[in-house]
Structures are given as C-alpha cells and as structure tokens.
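The basis for the numbers below is simple: all heavy atoms, side chains too, and nothing from hydrogens, waters or symmetry mates.
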Amino acid sequence: MLVQQRISLVIARYNLERFSNNLARSVHLNIFRDPIAEGYFPKMDSFVPSRACPPCAQNKRISDLNRTANQLKVHIGDLESWRDRIIEAIQQGFATSVSSNTCDYGDRVELSGNSGTDTLGNMLESSIISPNRAVYGDFHNVGHFFISYAHDSDHRYLEAFGVMGDSTTAMRDPVFYRWRAYIDGIFQEHKNRLPVYTMPQLQYDGISVTGLQHC
C-alpha cells in the first residue's frame, strides 16, 4: 500500500502542474475500447537489450493481446470482467477467496478496515497473495501491458513493449497518469464506503510536540 500512496502523491503533483499551465485535471482512462488521444514518441534507447523504445500514435486503440513469445494472450473483455468483479467486491464489502472445491468462489474476505484496503491492493496488484487471481485477475499490471503493446498487439511486427511496459520509464508517457488516476479512483470508491475516523483514532493522548529540528 505504501507504493500506492506514493503514486497517489505523484498523480496529485501531476494535476497541480497541469492546473498551473491552464490545463484540466487528468481524465481517467476508464473506457478501454475508446481511442487514446495522447500519443507518445519517446525517442529513447535501452542500452541493455539494445533496442529503441517504440512510439504510440495519437488515437491508438488497445487490442486483444496475442503475443505467444511473451506468453500474453488476454482479451479486452478479460480486463473489463476483472474491473467489474473488483467494483462488485467493493460495493458488497467483501471479496471471495479461492474455493477448496471445483467452484470459482470460496470464503468471504472482508474489505473493511486497513486489512481490507490491503486486500484490495493485493487484488489490483495481483500476486500469489491475491484472494482469487482467477476471479479478479491482474488488473493494473495487465492494463500496462495492453497500453505498452498497443502498437503491435499480435506481435506481427516483432516489436517490443513501449515505455508503459517498464516501471522505470512508464511515467514518461502521458497516458500513465490517466491509467493511474483510474486505479486511484477505484481505491477512492472503496475508501468512500469505510466509516469515518473517530477522534480517539486521530488524536494521540499523552503525546505532545515540543519542537522541530531540521535533519
């Protein structure tokens, strides 16, 4: 969750920079089949694999991924289904774990409190600690893959991924901020359903600040 909080601060800083340049807040990338207005031509080389980072033209649409060499075969519909199931879990207040039998759904995993926020993070940033990867997928990471391979989704041109496919370069692409803003919006949907903090939770009885020192 610490990474998520830091990225949220980056998005906030990005929007402040936009405001100071008379630009509107970054629009969430939440309709996956629409064209992506922002184009990006990175003009960067990676010296390790000795390759140029491919560009992505304006109004490019993401397509179903079918890249055997990268073991990626994912449909846009999969991304939409994962999103819908995650939103459903937020709305009902619980996710479902992997079942011990042949069904997809198992026990309820509550999404309340700090542990619930961690669980939601594990669902969006999928790993082995996700409650149910078969149901909730790998939403955030695969979203990056879709965008980073938009220029060659079926590998017919033997092109590598764009900057959105690498965490060290993703923030160079303007669409990064739209995608991350949407991920932040999902977390905000969850937070809006949590009870407000009480005064005992916010105050520290018996503790006082007596001074500040610059380090």
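Between the side chain of Asp154 and the main chain of Arg156, a donor-acceptor pair closer than 3.5 Å is present. The closest donor-acceptor contact from the side chain of Asp173 to the backbone of Met164 lies at 3.5 Å or more, if one exists at all. Asp166 places no side-chain N or O within 3.5 Å of a backbone atom of Val163 that could act as its donor or acceptor partner. Under a 3.5 Å cut-off, the side chain of Gln203 and the backbone N or O of Asp205 do not form any donor-acceptor pair. Tyr177 contributes no side-chain N or O that, together with a main-chain N or O of Ile11, makes up a donor-acceptor pair within less than 3.5 Å. A donor-acceptor pair under 3.5 Å is formed between the side chain of Asp152 and the backbone N or O of Leu158. Side-chain atoms of Ser126 come within 3.5 Å of backbone N or O of Gly137 as a donor-acceptor pair. With hydrogens and angles disregarded, no donor-acceptor distance shorter than 3.5 Å links the side chain of Asn122 to the backbone of Pro131. Under a 3.5 Å cut-off, the side chain of Ser148 and the backbone N or O of Phe145 do form a donor-acceptor pair.
Using cut-offs of 30° and 60° for the angle between ring planes, the His144 and His140 rings count as perpendicular.
Criterion: ILVMFWY side-chain heavy atoms under 4.5 Å apart, direct or through other members. Under it, Ile129 and Val109 are not part of a common hydrophobic cluster. Residue Ile147 is grouped with residue Leu65 when hydrophobic side chains (ILVMFWY) are merged at heavy-atom distances under 4.5 angstrom, including chains of intermediate members. Ile62 and Val142 fall within a single hydrophobic cluster, where Ile, Leu, Val, Met, Phe, Trp and Tyr side chains are chained together by heavy-atom contacts under 4.5 Å. Note: the hydrophobic cluster containing Val27 does not contain Ile183 (ILVMFWY, side chain heavy atoms under 4.5 Å, direct or indirect links). Note on Phe161 and Phe41: separate hydrophobic clusters, where clusters join Ile, Leu, Val, Met, Phe, Trp and Tyr whose side-chain heavy atoms are under 4.5 Å apart, directly or indirectly.
In plain terms, the two heavy atoms of Gln58 and Gly39 that are nearest each other are CG-N, 3.6 Å. Shortest non-hydrogen contact noted between His151 and Gly162 is CE1-N, 3.7 Å. The shortest heavy-atom contact between Arg67 and Ala160 is NH2-CA, 4.3 Å. The two residues Ser26 and Tyr14 have their closest heavy-atom pair at CB-CE2, 3.9 Å. Residue Arg83 comes nearest to Phe32 through the heavy atom pair NH1-CE1, 3.6 Å, listed as atom of the first residue, atom of the second, then distance. For Thr119 against Glu110, the heavy-atom pair with the smallest separation is OG1-O, 4.5 Å.
Distance check, rounded to the nearest 0.5 Å: OG of Ser153 to CZ of Arg61 gives 13.0 Å. To the nearest 0.5 angstrom, Thr68 atom OG1 is 7.0 Å from Lys73 atom NZ. One finds the CD1 atom of Ile87 at 6.5 Å from the CD atom of Gln91 (value rounded to the nearest 0.5 Å). Distance CG/Asp78 to CG/Asp138: 11.5 Å, rounded to 0.5 Å. Rounding to the nearest 0.5 Å places CZ of Arg25 at 8.5 Å from CG of Leu16. Rounded to the nearest 0.5 angstrom, Ile90 CD1 and Phe187 CZ are separated by 8.0 Å.
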Any chance you could lay out the side chain to side chain contact (heavy atoms under 4.5 Å, CB included) test for Ile76 and Arg33, step after step, and finish with the verdict?
-> CA-CA 8 Å; Ile76 299 176; Arg33 298 177 188 267; 4.0 Å; yes
Intermediate values then yes/no, side chain to side chain contact (heavy atoms under 4.5 Å, CB included), Leu194 and Thr117 | CA-CA 10 Å; Leu194 298 178; Thr117 305; 4.1 Å; yes
Check step by step if side chain to side chain contact (heavy atoms under 4.5 Å, CB included) holds for Trp82 and Val74.
-> CA-CA 12 Å; Trp82 297 339; Val74 193; 4.1 Å; yes
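With hydrogens and angles left out, the side-chain atoms of Gln188 and Asn192 include a donor and acceptor closer than 3.5 Å. Side-chain contact of Tyr136 with Thr96: a donor-acceptor pair under 3.5 Å is present, judged by distance alone.
A 4.5 Å side-chain heavy-atom check between Leu9 and Arg13 finds every atom pair outside the cut-off. For the pair Leu120 and Ile86, the minimum side-chain heavy-atom distance is below 4.5 Å. Side chains of His75 and Asp64 form a contact here, defined as non-hydrogen atoms less than 4.5 Å apart. Looking at Glu159 and Tyr149, their side chains never come closer than 4.5 Å, going by heavy atoms from C-beta outward. Using a 4.5 Å cut-off on side-chain heavy atoms (C-beta onward), Asp184 and Arg180 make contact. Two residues are said to be in side-chain contact when any heavy atoms from C-beta on lie closer than 4.5 Å; Asn66 and His155 fail this criterion.
The hydrophobic cluster analysis finds Ile31 isolated: no Ile, Leu, Val, Met, Phe, Trp or Tyr side chain comes under 4.5 Å of it, directly or through other members.
No more than 12 heavy-atom neighbours from other residues, nucleotides or ligands sit within 6.0 angstrom of CZ on Arg172.
Between Phe139 and Trp179, a ring centre-to-centre spacing shorter than 6.0 Å is recorded.
Looking at residues two or more places apart in sequence or on another chain, you find a salt bridge (Lys or Arg N to Asp or Glu O under 4.0 Å) between Arg193 and Glu189.
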